[in-house]
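Step one of this worksheet: look at the structure below.
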Amino acid sequence: MIRLIRNLKIRFKLYILIGVALIGMLIIGGMSFNLMGQMNEMTNDISTSWLPSIDIARDLSYTLSNIRLNELGYLTAVSDDVEKSSLQYLESEKKDIETLLTTYGNLIDEEEREFYNNATNLWTQYNEADKEMMALFKQGRVKDARAILEGKCVDLYNSLNSAFNDINTYNTEGSDDAAKESDSLYKTATNRMTIVIIVIILVGVFFSFVIIRMIKIPISEIQNAAIKMAAGDLDVDISYTSKDELGVLATQVRRLIHKLQVIIDDENKFLAKMADGDFTVDSVCEEEYTGGFYPLLVSFRGIAEKLNDTMLQISQSSTQVASGAEQVSTGAQALAQGATEQAGSVQELAATINEISNKINQNADNARQANETAGCVSTEMNESNEKMQQMIQAMDDINNSSSEIGKIIKTIEDIAFQTNILAINAAVEAARAGVAGKGFAVVADEVRNLASKSAKASENISVLIEDSLKVVGNGTQIVDATAQSLLQAVNDVNEMTGVIGQISEASSQQADSITQVMTGIEQISDVVQTNSATAEESAAASEELSSQSQLMKGLVGQFKLKS
């Protein structure tokens with residue numbers, strides 16, 4: 001198997017590693033999706049069935065207790081208003097009981113049907129007993145009504161509470177069992193996934209080690225050969241053979257080393273003959289110069305031809321140099337006389353340029369002072385802009401604080417509303433207490449009046465806060481407009497500062513340029529004077545050049561050249 005992998009292309013070796021990783025990811029992903037699906041099913045069962053049933057059972061018990069309290073309040077009402085209020089609460093909470101039972105009936109399964117039927121039957125009996133009690137109360141038979149309330153209704157109330165508790169207990173136990181099953185499923189899946197991951201890691205490590213070793217060994221051998229070749233050592237050997245890309249690369253590197261050895265040996269012979277003065281030399285292994293090496297052969301042949309032609313031209317030119325030397329001597333004398341006249345003109349030009357330089361330096365100083373003044377103005381405008389931004393932030397803080405006060409007023413209104421409700425309930429309780437609760441009823445009435453006054457005051461404060469918010473909003477708009485105008489002024493000042501800075505920089509550059517011109521003129525003056533002396537020296541040198549050209553012609557005759 002390892003030999004088969006070794007002969008595969010590198011991309012297929014990498015495909016094997018990627019395939020192992022993908023298969024491992026698919027296995028882990030499939031197990032994860034399966035686990036998440038089962039856990040999601042259990043979680044949905046808990047959240048959509050068990051927990052809502054528990055909440056409904058608790059709400060049923062709480063609502064039933066409120067019904068009992070309102071029934072007692074109805075029978076002990078001391079006024080028509082209290083009686084009417086108690087009756088309205090009773091009807092509302094009976095509807096809540098029926099709604100909760102209907103909702104619970106939509107959630108149950110066959111195992112809970114017995115709990116649901118028991119609770120529904122008991123509630124029907126309790127509702128009928130309640131209607132009977134209220135009918136007796138309306139007929140004026142208060143004692144009979146209280147007898148039903150304290151007798152049959154108490155028994156049915158206890159039975160209903162027990163039924164609701166049974167529903168609560170059943171669903172609580174079911175929820176606990178589902179949670180335990182989910183935890184057990186999680187532990188089992190975790191153990192299985194751990195085993196699968198370990199197996200996949202071991203397989204991946206094995207294939208990675210084998211493939212990396214198959215790639216690393218030939219690359220190291222080729223790398224060492226390349227290092228030796230880069231150092232100039234062509235005496236290297238690569239033993240790796242394979243059908244993959246690295247095997248092909250090793251074969252081609254071996255061919256390259258052989259070709260370099262042959263070509264370098266041929267070039268050494270080529271250059272050795274040229275060094276001995278033989279420019280008729282040519283390659284003895286032209287067939288090895290293929291591809292990119294062929295231009296090298298062409299270049300060597302070109303060098304030989306060029307040197308051969310150059311030597312021939314030097315031999316021919318040496319004769320012409322001797323005749324031209326005399327003409328150079330005559331021209332040098334005329335050049336010396338003209339250079340003397342140019343020196344006087346250059347001195348007059350230097351005086352004029354010096355006067356221009358003084359004026360430009362004065363303009364540069366004035367522009368620099370204007371730039372410094374504009375910079376100070378820009379700094380002051382930026383500081384003013386920062387102050388304006390701080391004032392805008394302060395206006396925003398005032399606006400936010402006003403909004404927070406509005407939230408506090410809303411809280412006060414809610415407190416007043418709750419206080420009013422508490423006062424009404426207190427009045428009901430005081431009415432039930434009879435003569436003993438008259439003082440408490442007066443206090444409840446005062447609390448209700450105080451709650452009404454608090455609500456009215458919070459409404460007035462809310463109106464004032466809204467007016468303040470409008471005024472602050474108008475002020476914020478004005479400040480924003482002012483800040484925009486100031487920001488535009490800052491931008492204009494910054495732009496003006498930049499223009500003045502450019503003028504100052506341009507003036508400085510002009511002053512530097514004039515200075516360079518002055519330096520150049522002085523150098524020209526020196527050069528003109530030097531040319532005058534050089535021209536005289538050239539006349540003498542031309543005579544020497546004639547004698548040297550004869551000597552050069554004799555030296556070129558020593559080389560072996562093509563005609």
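These values consider heavy atoms only, across backbone and side chains, with no hydrogens, waters or symmetry-generated copies.
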**Asked** Run the side chain to side chain contact (heavy atoms under 4.5 Å, CB included) check on N171 and E112 step by step: do they pass?
**Response** CA-CA 9 Å; N171 285 280; E112 289 186 81; 3.2 Å; yes
**Asked** Can you check side chain to side chain contact (heavy atoms under 4.5 Å, CB included) on R146 and L72, steps first, answer last?
**Response** CA-CA 8 Å; R146 290 184 66 89; L72 180 61; 4.1 Å; yes
**Prompt:** Going through the distances and angles, do D183 and K187 end up as a salt bridge (Lys or Arg N to Asp or Glu O under 4.0 Å)?
**Reply:** CA-CA 6 Å; D183 184 62; K187 291 179 180 178; 3.4 Å; yes
**Prompt:** Stepwise, does the side chain to side chain contact (heavy atoms under 4.5 Å, CB included) test hold for D96 with N66?
**Reply:** CA-CA 11 Å; D96 292 341; N66 289 337; over 6 Å; no
**Request:** Please report the C-alpha distance between I200 and M25 in whole Å, then the side-chain angles of each, then the deciding distance to 0.1 Å, and finally whether the side chain to side chain contact (heavy atoms under 4.5 Å, CB included) criterion is met.
**Result:** CA-CA 9 Å; I200 291 173; M25 292 175 63; over 6 Å; no
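Between I167 and S53, the closest heavy-atom pair is CG2-O, 4.3 Å. Residues L122 and A163 approach most closely at CD1-CB, 4.0 Å, considering heavy atoms. Here the shortest heavy-atom pairing between S61 and F164 reads OG-CB, 3.5 Å. Pairing each heavy atom of I67 with each of I97, the nearest pair is CD1-CG1, 3.7 Å. Contact detail for T194 and T190: the closest heavy-atom pair is OG1-O, 2.7 Å. Closest approach of Y157 and S65 over heavy atoms only: OH-OG, 3.2 Å.
Distance CE/M134 to CG/L149: 11.0 Å, rounded to 0.5 Å. Going from atom CH2 of W123 over to atom CG of N118 covers 14.5 Å, rounded to the nearest 0.5 Å.
Formation of a donor-acceptor pair under 3.5 Å by the S159 side chain with backbone atoms of D155 is found in this model.
Residues satisfying the side chain to side chain contact (heavy atoms under 4.5 Å, CB included) criterion with T102, sequence neighbours excluded, are N106.
There is no side-chain donor-acceptor pair under 3.5 Å between Y170 and D166. A side-chain N or O of N168 and one of T172 form a donor-acceptor pair less than 3.5 Å apart.
Among the candidates L160, L100, D55, the single residue satisfying the side chain to side chain contact (heavy atoms under 4.5 Å, CB included) test with L60 is L100. Partner E71 forms a side chain to side chain contact (heavy atoms under 4.5 Å, CB included) with one of L90, L87, I148 and no other, that one being L90.
The number of heavy-atom neighbours closer than 6.0 Å to CD of E98, taken from other residues, nucleotides and ligands shown, is above 12. Within a 6.0 Å sphere centred on OH of Y89, heavy atoms belonging to other residues, nucleotides or ligands number 12 at most.
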Donor-acceptor pairs under 3.5 angstrom involving side-chain atoms of residues 137-144: please list them, not counting sequence neighbours.
residue, atom, partner, partner atom, Å
R141, NE, D144, OD2, 2.9
R141, NH2, D144, OD2, 3.0

